[in-house]
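It should be emphasised that the depicted structure is a prediction, and the values quoted were computed from it without experimental measurement. Proteins get letters first, then strands, A, B, ... in listed order; numbering begins at 1 in each.
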Amino acid sequence: MVEVSLPNGTIHEIAAGVSAGDVIKDAFGRGAVAAIINGEPCDLSTPIEESCTLDQIHSESDEGLHVLRHSCAHLLAQAVTQLHPEAKPTIGPPIEHGFYYDFEMGPLGEEDLREIEKKMKYIVKQNLQISREEHDSESLRQMFADNQFKIEIMDDKLDDGAGSSVYRQGEFVDLCRGPHVPSTSYLRHFKLTSTSTAFWRADSNREHLVRIYGMCYATKEDLQARETLLREAALRDHRKLGKDLQLFHIDEMVGQGLVLWTPRGSVVRQELQNFIGEHLRRQGYSQVFTPHIGKLDLYRTSGHFPYYQDSQYPPLVERDLMAKLADDGCSCSELSNLMEEGEIDGYLLKPMNCPHHIRIYSSQPHSYRDLPLRFAEFGTVYRWEQSGEISGMTRVRGFTQDDAHLFVTEDQIAEEVLGCIELVQVIFGVLGMDDYRVRVGLRGEDSSKYVGQSEKWDKAEEACRSAAASLGVPFTEEEGEAAFYGPKIDFVVRDVLGREWQLGTVQVDYNLPERFDLEYAGADGEKHRPVMIHRAPFGSMERFCGVLIEHFAGKFPTWLSPTQIHILTISEKHIDYANEVSEELKVLGVRVEVDDSDNTIGKKIRTHRKMQPSYMLVLGDEEASSRTVSIRNRAGDQVQGVPLDNFMANLLAEISTRSSEQKLVSKLD
RNA sequence: GCCAACGUUGCACAGCUGGUAGUGCUCCUGAUUUGUAAUCAGGUGGUCGGGAGUUCAAAUCUCUCCGUUGGCUCCA
């Protein structure tokens, strides 16, 4: 007999050799997918030979889902190799919500995916045992002799001559550490979602593989919930809503990743800019304006040109100079070299605003009494994003940062960074974006990616760390996430699908002041070097608006609504009154639209709902005769007979407080 | 940039294995003057992403370029 102690302190006495699964079923009931013996995850089928501690991994726990999804990946690989014997499985890990598996094989279409899924379901019905086997190095290499990927994994992961485990289900065998569920019948709630390509070892120079993605859950309900969420997310996709609500347009003829803000979208952007403008005035910023291009040499000095050459639009070179170089037989690559070496100059579309702001700083002598100086500009910058990366408003080639650069003394860093962070928090608070995390980006291993001396980096990183710590919210420190000139504090927002978007950012920079030889006169009469803080609370107007559209599902708070009020007349008798109400609202700065068409009121409501105004006013005989309005909100709630003056006062209050709630229609009425 | 799929009127879609395009909504014109999610009837609108090729004939097949989507890689 051996003793098995459970987490709750009880001890089971069992005969040696009984499987962990049997003990777990006795102790915990059903629902386990794997066991933990002496702290080590293992299969339920593992026989218990000596006294130990034992715990279960339940299918609905994080670890359990991990096991389930991993086993599902194997199931996928088995189905694929049955249908496509030539396919070579490579790796297939569990991921959030599901799993993927990469194969070396020919391309797959939609029908292939459905066929594979069918095969998977068939294998589940067969209820194949999934069993673990230990093999030595030699037999492993024989087993996977025709799969160079598995061999490579062994070469990489296993010590010389060491063996490993494989998992077998039916004819399918995969090199794997496990643990796995006991049989294929445990895998019920999955769905293949998409195929794509991936590179072996994430290296674009190596084999191109076909990746199949699937999702997998412990219960039918969880799987359905995920499917519902995905459907709803598709409905609030900013690319779809941007079109439906006429917020922005991206035009083939203009160029990939170049956002055209339409009148309705521009309202949203302008309101956001006004909003932040109020806080900039409060915090003592100065507005500046700078052009969209600058000399190459400016960006050689800053480091942007050498460090990010591949992701910039190519430089502009003067026509005469180009002609002369062409006459001299200069090739493109020679031209590029000459530019890099600084032999010839050109202009660059600005990839960042800081160099321009720095030169404004340098245009005058400064004393410590001037600092901090805070230059703010909604500056549009251009970056040559890879074509496959460009998407809607969230990943673009031209975007406007709500940028500012603060020139401060070392003593002022902490306070000024906090001011910047406060700004981000005010914005997120007003917009109700509370699902975000704070990331402190530090420099990584590869020193060639960063400029400046390491002491300066140490100081800047410490400043960021202590500022983040003083926030009182959890934050993570991540190496390799710094800008090339300094560390940063990023605000990363999670959307409904759990995708993360970097929006607000605050960066402490000792390096650009050095590169541009910035100085100020100190109280001691000596020259000192200021420190720069870069910050953009929205990040980019394009990305922020894209995320905001999805955040609100197109139903903007009244202060942001492209059209706040749509007035619908009952019949043509009421057009005069409608126009009168419209004029009064316009005088107050309310964005209002009148529908005086001869459609029925039902039809008008249906049509206007699509544009998501904050409120619709329905005006007929009753309203016209009593100077009242009938208000209908987005939810379809309505209240009639509200005196016009009352309505206007309440509407203005809702707008000026930037309320996210629609309060003008109360059920109490 | 890489791989795959896709690209038909402002929007959403039909058009099977090749025979010069259809529907709904929008829009316009009539009729209707309407009380909270579609009144009726008529009409406009497309050289089927661009270019080239195969064919008697191409939206439909091939090539190429552009763009979109999903991933991969990247993001100051």
Side-chain angles (χ1 to χ4, degrees), chain A residues 100 102 106-110 112-113 193-213 234 237 239-240 243-244 246 249-257 299 302-305 307-312 350-355 381 383-392 394-397 399 401 441 449-451 481-486 488 502 505 507 509 512 534 536 540 543 568-575 596-610 616-623 630-633 636-640:
Chain A
Y100 68 79
D102 289 346
L108 294 175
E110 267 299 307
D112 294 311
L113 216 57
T193 49
S194 62
T195 64
S196 76
T197 53
F199 307 120
W200 174 241
R201 296 276 159 103
D203 181 348
S204 57
N205 297 315
R206 299 214 46 187
E207 292 89 338
H208 289 190
L209 308 172
V210 172
R211 175 170 298 179
I212 302 175
Y213 281 94
D237 188 315
R239 292 168 301 195
K240 177 181 162 46
K243 202 178 272 184
D244 292 350
Q246 296 163 24
H249 171 66
I250 295 170
D251 193 275
E252 266 189 48
M253 211 166 177
V254 174
Q256 253 195 315
Y299 301 104
S302 69
H304 290 100
F305 182 60
Y307 278 89
Y308 285 96
Q309 213 175 127
D310 290 344
S311 43
Q312 286 162 358
K350 69 179 173 190
M352 279 194 57
N353 301 303
C354 27
V381 298
R383 297 178 188 176
W384 186 260
E385 300 287 353
Q386 296 183 39
S387 64
E389 272 312 324
I390 291 169
S391 171
T394 47
R395 205 60 197 278
V396 292
R397 282 189 174 156
F399 58 92
Q401 297 176 316
K449 284 172 73 178
Y450 307 100
V451 296
E481 289 292 328
F484 76 85
Y485 47 74
K488 54 184 189 164
Q502 187 205 306
T505 182
Q507 308 170 359
D509 176 11
L512 291 184
H534 310 237
S540 108
R543 173 176 291 181
L568 317 181
T569 54
I570 295 289
S571 82
E572 64 189 8
K573 286 182 292 182
H574 314 113
I575 293 176
D596 58 4
S597 69
D598 57 0
N599 287 318
T600 59
I601 192 64
K603 170 74 169 181
K604 288 185 191 183
I605 287 168
R606 190 183 163 87
T607 306
H608 286 264
R609 250 183 68 87
K610 289 181 187 154
M616 289 187 241
L617 301 184
V618 174
L619 303 185
D621 282 338
E622 274 179 49
E623 289 76 16
S630 162
I631 312 170
R632 181 191 166 98
N633 68 12
D637 306 322
Q638 43 177 300
V639 52
Q640 303 189 354

Margin query: Within the 4.0 Å heavy-atom criterion, would you say A/Glu623 contacts the bases, only the backbone, or no part of the nucleic acid?
Written below: base
Notebook entry, point to check: Which value, in whole Å, describes the distance between the C1' atoms of nucleotides B/U33 and B/U44?
Noted result: 26 Å
Next item on the list: Looking at every strand, decide which applies to A/His208 at a 4.0 Å heavy-atom threshold: base, sugar-phosphate, or nothing.
Entry: sugar-phosphate
Check: Contact class for A/Tyr307 (heavy atom, under 4.0 Å): base, sugar-phosphate, or nothing?
Finding: nothing
Next item on the list: Indicate, with a heavy-atom threshold strictly under 4.0 Å, whether A/Ile390 touches base, sugar-phosphate, or nothing.
Entry: sugar-phosphate
Notebook entry, point to check: Checking all strands, does A/Arg211 fall into the base, sugar-phosphate, or nothing category for heavy-atom contacts under 4.0 angstrom?
Noted result: sugar-phosphate
Checklist line | Nucleotide forming a Watson-Crick or wobble pair with B/A38, both distances under 3.5 Å | finding: none
Next item on the list: Scan A/Asp621 against the nucleic acid and name what it touches under 4.0 Å (heavy atoms): base, sugar-phosphate only, or nothing.
Entry: base
Next item on the list: Apply side-chain contact (heavy atoms from CB on, under 4.5 Å) to the pair A/Ile570 and A/Leu619, showing each step before the final yes or no.
Entry: CA-CA 6 Å; A/Ile570 295 289; A/Leu619 303 185; over 6 Å; no
Notebook entry, point to check: Taking a pair as Watson-Crick or G-U wobble with both distances under 3.5 Å, which nucleotide is matched to B/U62?
Noted result: B/A52
Next item on the list: Under 4.0 Å between any heavy atoms, over every strand shown, what does A/Tyr213 touch: base, sugar-phosphate, or nothing? Just pick one.
Entry: sugar-phosphate
Next item on the list: If B/U17 has a Watson-Crick or G-U wobble mate with both distances under 3.5 Å, name it; if not, just say none.
Entry: none
Check: Any idea how A/Tyr485 and A/His304 line up, ring-wise: parallel (<30°), tilted (30 to 60°), or perpendicular (>60°)?
Finding: perpendicular
Margin query: Would A/Thr607 and A/Asn599 count as a side-chain contact (heavy atoms from CB on, under 4.5 Å) here? Give the steps.
Written below: CA-CA 10 Å; A/Thr607 306; A/Asn599 287 318; 5.7 Å; no
Notebook entry, point to check: Are A/Ser196 and B/C3 close enough that a side-chain N or O sits under 4.0 Å from OP1 or OP2?
Noted result: no
Check: For B/G71, does either OP1 or OP2 sit under 4.0 Å from a side-chain N or O belonging to A/Thr197?
Finding: no
Check: Which nucleotide sits closest to the side chain of A/Phe199: B/A76, B/C72, B/U36?
Finding: B/C72
Notebook entry, point to check: Nearest nucleotide by nearest heavy atom, which residue falls closer to the 5' end of RNA chain B, A/His574 or A/Gln256?
Noted result: A/His574
Next item on the list: Output the distance between atom NZ (A/Lys449) and atom OH (A/Tyr307), rounded to the nearest 0.5 Å.
Entry: 11.5 Å
Next item on the list: Under 4.0 Å between any heavy atoms, over every strand shown, what does A/Ile601 touch: base, sugar-phosphate, or nothing? Just pick one.
Entry: sugar-phosphate
Notebook entry, point to check: Within less than 4.0 Å of OP1 or OP2 of B/A37, is there a side-chain N or O belonging to A/Arg632?
Noted result: yes
Margin query: Between A/Asp237 and A/Glu622, which residue's closest nucleotide on RNA chain B lies nearer the 5′ terminus?
Written below: A/Glu622
Check: Angle class for the A/Phe484/A/Tyr308 ring planes (parallel below 30°, perpendicular above 60°, tilted otherwise)?
Finding: tilted
Item checked: CD on A/Glu385 to CZ on A/Phe399, rounded to 0.5 Å -> 7.0 Å
Check: Base, sugar-phosphate, or nothing for A/Arg239, non-hydrogen atoms under 4.0 angstrom?
Finding: sugar-phosphate
Check: In the strands shown, is B/C2 matched to any nucleotide by a Watson-Crick or G-U wobble pair with both distances under 3.5 Å, and which?
Finding: B/G71
Next item on the list: Name the closest nucleotide to the A/Glu252 side chain, picking from B/A76, B/U33, B/G67.
Entry: B/G67
Item checked: Stacked pair A/Tyr308-B/A76, distance under 5.5 Å, angle under 30° -> yes
Next item on the list: Between B/A59 and B/G67, how far apart are the P atoms? Round to whole Å, please.
Entry: 24 Å
Note to self: Heavy atoms from C-beta onward define the side chain here; which of B/A76, B/C74, B/A12 lies closest to that of A/Arg383?
What the structure shows: B/A76
Check: Mind checking the C1' distance from B/C61 to B/G19? Whole angstroms is fine.
Finding: 15 Å
Check: For the base of B/U68, is there a side-chain donor-acceptor partner from A/Ser391 under 3.5 Å away?
Finding: no
Check: Which base, if any, makes a Watson-Crick or G-U wobble pair with B/A57, both distances under 3.5 Å?
Finding: none
Notebook entry, point to check: Looking for any heavy atom pair under 4.0 Å, which part of the strands does A/Gly388 touch: base, sugar-phosphate only, or nothing?
Noted result: base
Next item on the list: Side chain of A/Ala483 only, please: which of B/A76, B/A37, B/C75 is the nearest?
Entry: B/A76
Next item on the list: Send over the distance from A/Lys240 NZ to B/U69 C1', rounded to a whole Å.
Entry: 15 Å
Check: Side chain of A/Gln640: nearest nucleotide among B/A37, B/A76, B/G35?
Finding: B/G35
Next item on the list: Could you measure between the two P atoms, the one in B/C48 and the one in B/C56, and give it in whole Å?
Entry: 22 Å
Note to self: Could you identify the nucleotide paired to B/U9, looking across every strand shown and requiring Watson-Crick or G-U wobble geometry with both distances under 3.5 Å?
What the structure shows: none
Next item on the list: Would you tell me if any nitrogen or oxygen in the side chain of A/Lys603 comes within less than 4.0 Å of OP1 or OP2 on B/U26?
Entry: yes
Next item on the list: Sticking with atom P, work out how far B/G30 lies from B/G46, rounded to a whole angstrom.
Entry: 23 Å
Margin query: Between B/U47 and B/U9, how many Å separate the two C1' atoms, rounded to a whole number?
Written below: 13 Å
Margin query: Rounding to an integer number of angstrom, what distance separates B/A38 and B/G71 when you compare their C1' atoms?
Written below: 40 Å
Next item on the list: Quick one: label A/Gln502 by what it contacts on the DNA or RNA (base, sugar-phosphate, nothing), any heavy atom closer than 4.0 Å.
Entry: nothing
Margin query: By the 4.0 Å heavy-atom rule, please label A/Thr607 as base, sugar-phosphate, or nothing.
Written below: nothing
